[in-house]
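Each remark here refers to the structure printed beneath this line.
We count ligands from 1, going down the list as the structure has it; atoms in each ligand are counted the same way. Positions are given from 1 along the sequence. What you see is a predicted model; the values in this text were computed from it and never measured.
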Amino acid sequence: MSTLSYARYGKDNVRVYKVQRNADGTQDVTEMTVCTLLEGDIAASWTHADNANIVATDTQKQTIYLKAKQHPVNPPELFASILAQHFIDEYTHITAAHVTVTVHRWTRMEVDGKPHPHTFLRDGVETREVECVAKKGQGISIRSGIKGLLVLKSTGSQFWGFHRDEFTRLPEVWDRILSTEVEAGWHWRKFNNLQQVEQEQEAFDKAWEDARKITCETFAKENSPSVQNTMYLMAEQILAAVGRVDAVEYSLPNKHYFEIDMSWYKGTKNTGADAEVYAPQSDPNGLIQCTVTRKGSSPKL
Ligand SMILES: O=c1[nH]c(=O)c2[nH]c(=O)[nH]c2[nH]1
């Protein structure tokens with residue numbers, strides 16, 4: 001005997017662009033990629049080939065476009081909540097809607113020293129991420145985040161005092177290159193309903209700005225003893241800055257830059273204090289992760 005123990009379905013990689021034409025003649029643009037996944041009384045489609053309760057993934061895509069037309073798409077946390085709430089309100093047999101929104105960068109271009117009214121540039125692959133879950137009668141859970149923020153510091157990083165045994169080859173270092181691609185996430189205390197998300201919407205952009213600033217400034221300023229310690233300091237500060245956030249997560253690859261020994265060529269010095277030319281490594285990389293929560297609270301993630 002077998003049983004369907006997990007089922008969700010929806011539309012992924014729905015690309016949406018929205019323009020806002022302002023009264024002063026300037027325009028604002030938002031480009032995002034949306035995923036919707038529904039849960040509920042849908043098992044019969046898998047087990048009995050009965051599609052009666054299946055809201056087609058094409059319908060979900062059309063709904064994303066329509067909701068983007070009818071409502072603001074910013075902040076993305078609000079747009080994701082509007083969409084998720086729609087699916088559980090509209091369909092009695094849908095009990096949970098999972099919506100993820102990835103916002104891509106379109107940064108206003110400076111032309112002749114001034115912000116251009118309607119021209120933008122993609123300044124990096126970094127994205128703003130939102131994962132939202134609306135469950136019937138259980139409110140709305142939101143996780144916000146940053147992905148793909150690539151940073152490097154050419155000094156101001158060390159790694160020493162680590163465990164050594166017969167398997168250890170790595171030398172201790174008091175000055176190294178540190179580079180990572182930031183993946184950070186913060187979990188908002190649960191919202192009771194869509195109205196509460198709407199009322200508190202100003203917190204979302206502010207939290208994203210704070211998290212990005214804290215991440216960049218801590219990375220730059222700290223003489224880092226390890227990726228572990230640096231990410232903990234970042235998470236602590238985000239918890240202090242954003243009162244409604246209960247947990248902060250980081251996942252940081254340690255993107256290694258290896259010294260190149262050139263002594264074989266006429267005694268060329270290119271290691272230690274003389275190192276100038278390095279070999280960036282695409283793999284393998286360290287991967288350091290953590291979740292930091294408020295003392296005494298154990299949020300359900
Ligand atoms: O910051 C670091 N943390 C580690 O755990 C580690 N391990 C390693 O080889 N290099 C580093 N760097």
Whichever hydrophobic residues join Met109 through chains of side-chain contacts under 4.5 Å: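 Via sub-4.5 Å side-chain contacts, Met109 links to Val111, Leu121.
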
Does the distance from a Lys or Arg side-chain N to an Asp or Glu carboxylate O, for Asp89 and Lys136, drop under 4.0 Å?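 Lys136 and Asp89: not salt-bridged.
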
Can you name the nearest heavy-atom pair linking Ser154 to Ile177, along with the distance? O-CG1, 4.0 Å

Is there a side chain to side chain contact (heavy atoms under 4.5 Å, CB included) between Thr95 and Ile88 once you walk through the steps? CA-CA 6 Å; Thr95 51; Ile88 58 168; 6.0 Å; no

Pairwise, report which nitrogen or oxygen atoms of ligand 1 are under 3.5 angstrom from protein nitrogen or oxygen atoms, and how far apart they are.
{"residue": "ligand 1", "atom": "1 (O)", "partner": "Arg176", "partner atom": "NH2", "Å": "2.9"}
{"residue": "ligand 1", "atom": "1 (O)", "partner": "Val227", "partner atom": "N", "Å": "2.8"}
{"residue": "ligand 1", "atom": "3 (N)", "partner": "Gln228", "partner atom": "OE1", "Å": "2.9"}
{"residue": "ligand 1", "atom": "5 (O)", "partner": "Gln228", "partner atom": "NE2", "Å": "2.9"}
{"residue": "ligand 1", "atom": "12 (N)", "partner": "Arg176", "partner atom": "NH1", "Å": "3.1"}
{"residue": "ligand 1", "atom": "12 (N)", "partner": "Arg176", "partner atom": "NH2", "Å": "3.4"}
{"residue": "ligand 1", "atom": "12 (N)", "partner": "Asn254", "partner atom": "ND2", "Å": "3.3"}

side-chain hydrogen bond (donor to acceptor under 3.5 Å, both in side chains) partners of Asp50, counting only residues at least two apart: none

Partners meeting side-chain hydrogen bond (donor to acceptor under 3.5 Å, both in side chains) with Trp188 (sequence neighbours left out):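 If we apply the side-chain hydrogen bond (donor to acceptor under 3.5 Å, both in side chains) test to Trp188, skipping adjacent residues, the hits are Ser144.
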
